[in-house]
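So that the names make sense, note that chain A is the first sequence line, chain B the second, and so on, each numbered from 1. None of the values given here were measured: they were computed from a predicted structure.
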There are 2 protein chains.
Amino acid sequence: MSSEELAAWGQTTAAQVRKDLSHFGSFGKRGLGYQAGELRESLRTLLGIDRSWKVALVGAGRIGLALYEYPAFRSRGYDCVAIFDSDPSKIGTAWGDQSICALEVFEEVIKERDVELVILAIPADSAQEVASRAVEAGVNGILNFAPIRLNVPPEVPVEDVNLVIELEALSFQITQRT
Amino acid sequence: MSSEELAAWGQTTAAQVRKDLSHFGSFGKRGLGYQAGELRESLRTLLGIDRSWKVALVGAGRIGLALYEYPAFRSRGYDCVAIFDSDPSKIGTAWGDQSICALEVFEEVIKERDVELVILAIPADSAQEVASRAVEAGVNGILNFAPIRLNVPPEVPVEDVNLVIELEALSFQITQRT
DNA sequence: ACATCATTGTGATAACCTGCACATAGTAAG
DNA sequence: CTTACTATGTGCAGGTTATCACAATGATGT
């Protein structure tokens with residue numbers, strides 16, 4: 001597969017593909033291109049997605065449920081090993097093979113099950129507190145659906161997903177289109 | 001409110017805030033700062049979010065449900081005026097005040113209800129087809145949850161949301177952290 | 001063995017973005 | 001009215017990112 005082909009796939013240019021890859025090493029053969037399977041594996045290793053990750057889900061609401069049942073997570077190596085919620089009526093009930101835990105036992109469960117990533121699917125007003133507790137408990141990264149900017153130490157990466165902003169980005173582009 | 005304060009809020013620098021705003025006009029008063037409410041309204045107009053937008057949801061699965069019930073959408077002016085699904089057992093049933101429509105009547109309903117934005121919460125294999133039909137029916141923008149790059153004319157903006165990639169971005173950063 | 005061809009990896013170049021620093025202008029007080 | 005003060009808007013400089021263009025290199029065929 002040539003950088004040209006890869007570029008078409010990724011909506012970019014051939015030069016961009018080659019430059020980007022060159023920052024991490026030399027993956028292609030001159031005159032031939034890249035061997036797709038080999039490149040794929042190299043990149044998987046490079047990105048740290050050549051193994052499975054233990055994930056905890058905080059918030060057993062509708063968004064939490066959608067994420068928990070999202071097949072792509074498991075198939076890409078993200079294993080949900082714990083679910084938390086603050087609602088007493090949900091605690092103890094089970095989704096699939098996971099029983100929903102109370103936030104009171106958060107640290108305990110996180111450590112016991114070696115959770116590395118936490119998905120926050122809870123309202124904005126409790127997100128900061130849970131995030132801080134997660135960091136304290138040794139979590140390595142946070143995927144945040146709450147519409148606030150979390151304050152965490154720089155060594156713990158946070159990825160924010162804000163669906164309203166995505167819609168607003170569309171609105172903006174449409175408005176600009178004159 | 002000074003650019004300094006705004007910068008702290010948005011995790012950036014005062015100079016950046018001023019430069020960015022200056023691209024769209026002059027909103028502040030020298031020696032005083034910005035008047036928050038006024039600035040807010042100016043930006044809302046600029047971004048095209050000073051009005052409500054009519055949205056159709058395609059895919060009445062768990063992700064679709066989570067989005068449909070997401071209160072922030074309605075409160076920010078995004079009105080879901082139609083829901084579509086291909087599953088015959090869902091068609092005709094209702095979520096809240098919306099009855100789920102068949103994809104057969106897609107174009108008809110889109111035009112009749114003046115839908116401007118479409119949210120695609122369906123599997124990758126049918127996303128391109130629905131996207132093309134949406135563009136053809138006159139939709140102005142697409143929020144795409146399917147993990148494929150949609151092929152649509154450049155005047156129709158597409159925002160992609162890929163939750164697996166968000167998790168992978170975390171994995172990468174953690175791996176790099178050495 | 002040699003020539004031809006295709007495509008990489010990369011130095012040079014251009015475009016873009018961020019941050020600094022200050023002239024400018026509006027406010028307030030004497 | 002004049003002076004002192006504050007915070008904007010912006011030209012400039014530095015750094016980062018994208019694009020170009022080509023020498024280097026391996027494959028293929030004669």
Side-chain angles (χ1 to χ4, degrees), chain A residues 1-48 149-152 154-155 157-160 162 165-166 168-170 172-173 175-178, chain B residues 1-48 149-151 154-155 157-160 162 165-166 168-173 175-178:
Chain A
M1 207 176 204
S2 68
S3 56
E4 202 77 49
E5 277 179 273
L6 290 168
W9 239 94
Q11 313 245 258
T12 176
T13 65
Q16 189 68 65
V17 168
R18 295 201 300 275
K19 241 298 139 65
D20 288 355
L21 291 177
S22 79
H23 284 109
F24 294 105
S26 178
F27 302 102
K29 279 204 169 52
R30 302 191 181 205
L32 254 192
Y34 301 86
Q35 216 233 298
E38 202 177 271
L39 176 60
R40 182 195 146 95
E41 284 319 303
S42 301
L43 289 180
R44 282 173 57 84
T45 304
L46 216 95
L47 293 172
R149 213 169 275 265
L150 296 176
N151 205 303
V152 295
E155 68 270 18
V158 174
E159 289 287 323
D160 288 296
N162 188 322
I165 287 182
E166 300 287 338
E168 290 178 345
L170 280 180
F172 172 59
Q173 290 175 70
T175 305
Q176 288 309 98
R177 232 193 28 198
T178 41
Chain B
M1 205 176 208
S2 68
S3 55
E4 203 75 51
E5 277 180 272
L6 290 168
W9 239 93
Q11 314 244 254
T12 176
T13 65
Q16 189 70 62
V17 169
R18 296 201 300 277
K19 241 302 140 64
D20 287 355
L21 291 178
S22 79
H23 284 109
F24 294 105
S26 179
F27 301 101
K29 278 202 169 54
R30 301 191 181 206
L32 253 192
Y34 301 87
Q35 216 233 295
E38 203 177 89
L39 176 61
R40 182 194 146 96
E41 285 318 306
S42 301
L43 290 180
R44 282 173 57 82
T45 305
L46 216 94
L47 293 172
R149 211 168 274 266
L150 297 176
N151 205 303
E155 67 270 19
V158 174
E159 289 287 323
D160 288 296
N162 189 322
I165 288 181
E166 301 288 337
E168 290 178 346
L170 281 180
S171 299
F172 172 59
Q173 290 174 71
T175 305
Q176 288 308 99
R177 231 190 31 197
T178 38

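- In this structure, CD of Gln16(A) is placed 13 Å from C1' of dA15(C), rounded to the nearest angstrom.
- If you walk DNA chain D from 5' to 3' and mark each nucleotide with an atom closer than 4.0 Å to a heavy atom of chain A, the marks span dA18(D) to dA27(D).
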Considering only distance and modelled atom types, tabulate donor-acceptor pairs under 3.5 Å from the side chains of residues 24-44 of chain A, sequence neighbours left out.
unit_1	atom_1	unit_2	atom_2	d
Ser42(A)	OG	Glu38(A)	O	3.1
Arg44(A)	NH2	Ile49(A)	O	3.1

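- Side-chain contact between Val158(A) and Val152(A): present, with at least one pair of heavy atoms (C-beta onward) separated by less than 4.5 Å.
- Residues passing the salt bridge (charged side-chain N to carboxylate O under 4.0 Å, His left out) test with Glu168(B), sequence neighbours excluded: Arg76(A).
- Every residue meeting the side-chain contact (heavy atoms from CB on, under 4.5 Å) condition with Glu159(A), not counting sequence neighbours, appears here in chain and number order: Leu143(A), Glu166(B), Ala169(B), Leu170(B), Gln173(B).
- At the heavy-atom level, Thr12(B) lies nowhere under 4.0 Å from the strands shown.
- A search for side-chain hydrogen bond (donor to acceptor under 3.5 Å, both in side chains) contacts involving Asp160(A) returns Asn144(A), not counting sequence neighbours.
- The CG atom of Leu21(A) sits 11 Å away from the C1' atom of dT8(C) (whole-angstrom rounding).
- Distance NZ (Lys19(A)) to P (dT13(C)): 13 Å, rounded to an integer number of Å.
- For the salt bridge (charged side-chain N to carboxylate O under 4.0 Å, His left out) condition, no pair includes a residue of residues 3-26 of chain B, sequence neighbours left out.
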Requested in this report: Determine, for nucleotides 21-29 of chain C in 5'-to-3' order, which nucleotides have protein heavy atoms under 4.0 Å from the base (write B), from only the sugar-phosphate (write S), or from neither (write -).
Outcome: B-BBBBS--
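- Ser2(A) is linked by a side-chain hydrogen bond (donor to acceptor under 3.5 Å, both in side chains) to nothing, counting only residues two or more places apart in sequence or in another chain.
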Please list every donor-acceptor pair under 3.5 Å in which a side-chain atom of residues 6-13 of chain B meets a protein atom from a residue at least two apart or in another chain.
unit_1	atom_1	unit_2	atom_2	d
Thr13(B)	OG1	Gln16(B)	N	3.2

